[in-house]
Every structure is written in C-alpha cells, then in structure tokens.
Amino acid sequence: MQKILYHELKYQQSTQYTTPFYLLNVINLDMKLCIIGANGRMGQAIIESAQQQNINIHSVVVKECTDYVGHKLSKEVKILHKVEDGADIIIDFSNSQASKSNVEYANKYQIPILIGTTEGHKKSDYNKFNIPIMWAPNTSITWNIMENAIEKISLASKLAIQIGEVHHKNKKDDPSGTTKQLDDKINADKVWSLRVGKNMSMHQFMGINDLEIARLEHQVLDRQLYAHDALVICKWLIMQKNQLFIMQDFINEII
Ligand SMILES: NC(=O)C1=CN([C@@H]2O[C@H](COP(=O)(O)OP(=O)(O)OC[C@H]3O[C@@H](n4cnc5c(N)ncnc54)[C@H](O)[C@@H]3O)[C@@H](O)[C@H]2O)C=CC1
Ligand SMILES: O=C(O)C1=N[C@H](C(=O)O)C[C@H](O)C1
C-alpha cells in the first residue's frame, strides 16, 4: 500500500478534507504518535493497537517520568524522541487532572490531542485552545452511534428512562464518563453503576412506557476496541482545523 504523508493531507487554511471511514481504517498515514499514560491499561492497549496498525510510536509520557527518551517501554518499543521533537498527535489516557495541563502543553507546541480521560473535567475546560482537540469520554465508534440513537429515541418518545453501566473494579470514577455525558443529554430518571471483575465495560439504556420497552446495550469485550477506534479518530483529527471536537462531529462526517 502506498504510504501517504499526513502533511500532504493536513488541513490548510480553507480546505477541510473529508475522509471516508473505510479509508481511515486502512490508510497508512505517517503519523507520529505520543501516548500519555502509556503505562496504564489503556496506554498499553494503545501501544499494542498502534503496533498492529503500523503506527509510529514517537514518544510517551508516564507519571514517573515525562521524558522517556532512551527507555524500553516493552520488548518491541524503544522511545527515541521527546514529545515536542516532532510528535504529530497526542493521545491522553492518563487522568483528568493531567489532561488539563497536557492540553496546555499540546497547545504550546501546536500538537493535536485526543482526550480520553474521564471525571473531574468537562468539555468546556478545553474551549480556549487553538489546536484540534477531540473530547472523547468513550472512543468506541459503535457506542457513539448508539448514543446518537438514544438521544433521538429519548426526544421522540415519552419514556421513563434508566441508564446503567458495569465496569472493572479498578475504575476510579463512578458513574463512568460515558454515563455522565449521556445523562447530561437525556436526563435519565434512574442512573446505576456496578464495579465487577477485571475487564468489564458495559453501558445500557432502557426506556419504558405503557406501550413499549426500548433496550440498547453495548458491551466491550476487550480494551483493544477503545484503543483501535481512538487511533482511527486520531487519523481523522490530525487533518482537522483548530477546534474542539466531540465524537458526534466525527460520526457525522464519516457515516
Ligand atoms: N475514552 C475512552 O474510551 C476510555 C477512557 N478511559 C479513561 O482513561 C483513563 C485511564 O484509564 P486506565 O488506563 O484504565 O487507567 P490506569 O490507571 O490503568 O492508567 C492511567 C495511567 O496514567 C498514568 N498517569 C497518571 N498521571 C499521569 C501524568 N500526570 N502523566 C502521565 N501519566 C500519568 C498512571 O501512572 C497510569 O499508568 C481513565 O480516566 C478512564 O476512565 C478508559 C477506557 C476507555
Ligand atoms: O475506565 C474505563 O474502563 C472506561 N472508561 C470510560 C468511561 O468512563 O466512560 C469509557 C469506557 O466506559 C471504559
């Protein structure tokens, strides 16, 4: 497959490139990725997914050490660069407090950033920056399409609404960022959450009235799903203008 340098595609002044979803999935951009929170569960999943997709891991930031140059992160990945020395995009799965300063940093060096962290921050915290930013409390493309449908269902029909989620016991926030975002949009009558096991990740919607029951559920079987889709979104984000994006912007353009 021919390699396309993303600089050839990048948003320039008045042109916005629209890239069909299938192309984003297979396109081989020369994208130099920085991963913040690389030692964490999601960070490790991103590394694995980037390797599978032949994406160049340019740099990483971990809590203990912001300059990881020269270290071996895993058997296969040796980090050779500092973030500011040429990263094309940053993906942040550390924590929300760190995200706030990470975005300042990304803005300083004019590097687009995907914020995947949840709790303790809100989208409007990132209004003032001049880089492409993706606010994505849930990077699953499937879930975001379902969220869109749930919003429409909740508006169209008079339903008593319950939303819930089940996640692994190590998850720090409760309810999940996805659930909070959804509740802000549809104002559910009941919200519940459970913490079980090591890998659970499930979101559920139920709407009921006298005539119908609507149920939608999304179960993620492996974090590779969040990692894979986050990288697809990054391929899209580096071609966008300086703006704060939400997942629905991405969905609206590619589907
Ligand atoms: N957007 C999405 O689709 C998803 C979002 N998440 C969110 O991503 C975040 C991370 O989740 P996990 O990987 O499960 O947590 P984790 O606790 O396994 O990983 C977080 C990592 O960030 C590191 N870290 C903390 N402060 C840091 C800093 N200042 N600089 C660099 N690294 C720092 C920690 O040492 C840890 O290795 C959470 O907020 C979680 O809710 C998780 C899964 C999917
Ligand atoms: O911590 C997780 O695991 C997840 N966090 C995100 C959230 O809080 O919504 C996304 C997904 O639920 C997995």
Side-chain angles (χ1 to χ4, degrees), residues 34-49 59-68 71 73-74 79 82-83 90-106 113-123 125-126 133-147 150 163-185 191-205 217-234 237 245-247 250-251:
C34 165
I35 306 167
I36 304 187
N39 279 349
R41 285 177 286 269
M42 274 306 296
Q44 293 292 305
I46 298 277
I47 289 170
E48 203 180 320
S49 191
S59 37
V60 296
V61 178
V62 298
K63 192 177 185 181
E64 303 74 26
C65 166
T66 51
D67 177 2
Y68 219 63
H71 289 248
L73 191 65
S74 71
I79 300 305
K82 285 187 176 184
V83 187
I90 297 173
I91 200 161
D92 182 1
F93 280 99
S94 55
N95 66 49
S96 58
Q97 286 315 308
S99 292
K100 287 182 188 166
S101 50
N102 293 337
V103 173
E104 301 271 355
Y105 178 88
I113 182 166
L114 180 152
I115 306 168
T117 53
T118 56
E119 203 202 14
H121 59 167
K122 49 191 185 310
K123 189 180 76 167
D125 292 337
Y126 302 101
I133 301 176
M134 173 57 83
W135 165 262
N138 189 320
T139 55
S140 158
I141 292 167
T142 306
W143 166 260
N144 282 280
I145 294 167
M146 289 170 70
E147 192 173 300
I150 290 170
I163 56 177
E165 52 102 347
V166 186
H167 279 86
H168 54 94
K169 278 191 168 156
N170 294 313
K171 183 162 176 59
K172 295 190 180 98
D173 50 331
D174 185 349
S176 69
T178 308
T179 301
K180 281 190 217 154
Q181 173 168 283
L182 181 59
D183 192 28
D184 285 346
K185 290 177 180 170
V191 178
W192 56 267
S193 56
L194 280 177
R195 296 288 170 262
V196 182
K198 286 187 184 161
N199 292 309
M200 276 300 294
S201 181
M202 188 275 275
H203 288 99
Q204 199 186 71
F205 162 89
E217 182 175 297
H218 186 236
Q219 285 193 38
V220 174
L221 305 179
D222 193 307
R223 328 197 138 71
Q224 281 299 315
L225 186 269
Y226 293 122
H228 172 274
D229 287 4
L231 290 170
V232 171
I233 296 155
C234 284
L237 188 63
F245 294 96
I246 55 172
M247 283 296 290
F250 170 77
I251 301 291

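In each ligand, atom 1 is the first atom listed, and ligand 1 is the first ligand listed. Only heavy atoms go into these numbers, but all of them, side chains included; no hydrogens, no water, no symmetry mates.
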Heavy atom under 4.0 Å from ligand 2: found in H203's side chain, backbone, both, or neither?
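Side chain only.
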
Backbone, side chain, both or neither: what part of D173 comes under 4.0 angstrom of ligand 2, heavy atoms only?
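Only the side chain of D173 comes within reach of ligand 2.
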
Among all protein heavy atoms, pick out the one at the shortest distance from atom 1 (O) of ligand 2; state its residue, atom name and that distance to 0.1 Å.
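Nearest neighbour among protein heavy atoms for atom 1 (O) of ligand 2, to 0.1 Å: K171 NZ, 2.9 Å.
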
Any idea which protein heavy atom is nearest atom 11 (C) of ligand 2, and the distance to it?
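Of the protein heavy atoms, Y226 OH, 3.2 Å lies nearest.
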
If you look at every heavy atom in I115 and S99, which pair is closest and at what distance?
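Where I115 meets S99 most closely, the heavy atoms are CG2-OG, 3.9 Å.
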
Against ligand 1, does P137 come closer than 4.0 Å with any heavy atom?
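Yes, P137 has a heavy atom closer than 4.0 Å to ligand 1.
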
Can a non-hydrogen atom of K171 be found less than 4.0 Å from any atom of ligand 1?
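It does; at least one heavy atom falls under 4.0 Å.
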
Please say whether T178 places an N or O atom under 3.5 Å from an N or O atom belonging to ligand 2.
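Between T178 and ligand 2 (N or O atoms, distance only) the closest approach is under 3.5 Å.
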
Does the N or O separation between H167 and ligand 2 drop below 3.5 Å for any pair?
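Indeed, backbone or side chain, H167 has an N or O that close.
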
Option set [options], criterion heavy-atom distance to [atom], minimum:
atom	options	value
atom 6 (C) of ligand 2	G40, P137, S176	P137
atom 33 (C) of ligand 1	G120, G43, S94, G177	S94
atom 3 (O) of ligand 1	I36, I46, T139, V60	T139

For ligand 1, is any non-hydrogen atom under 4.0 Å from [X]'s backbone (N, CA, C, O), its side chain (CB onward), both, or neither?
X	result
A136	backbone
F93	both
Q97	neither
V62	backbone

Out of H203, H218, Q181, which residue meets the side chain to side chain donor-acceptor pair (under 3.5 Å) rule with E147?
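Of all the options given, the one that passes is Q181.
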
Can a non-hydrogen atom of H168 be found less than 4.0 Å from any atom of ligand 2?
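Under 4.0 Å: yes for H168.
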
Touching ligand 2 at all, R223? Heavy atoms, strictly under 4.0 Å?
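In this structure, R223 fails to qualify as a contact of ligand 2 - no heavy atom is under 4.0 Å.
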
Taking only heavy atoms of [X], which atoms of ligand 1 are found under 4.0 Å from at least one of them?
X	result
N138	1 (N), 2 (C), 3 (O)
G116	1 (N), 2 (C), 4 (C), 5 (C), 6 (N), 7 (C), 8 (O)
Y226	3 (O), 44 (C)
K172	17 (O)
T117	39 (O)

I'd like to know if the side chain of D183 reaches the main chain of T179, judged simply by a donor and an acceptor atom lying under 3.5 Å from each other, with no hydrogens or angles considered.
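The answer is no, because no donor-acceptor pair under 3.5 Å joins these two groups.
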
Identified side chain to side chain contact (heavy atoms under 4.5 Å, CB included) counterpart of V166 within the set Q204, R195, M200, K171:
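With V166 as partner, side chain to side chain contact (heavy atoms under 4.5 Å, CB included) holds for just one option, M200.
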
More than 12 non-hydrogen atoms from neighbouring residues, nucleotides or ligands closer than 6.0 Å to NZ on K180, yes or no?
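For K180, atom NZ is crowded (more than 12 foreign heavy atoms under 6.0 Å).
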
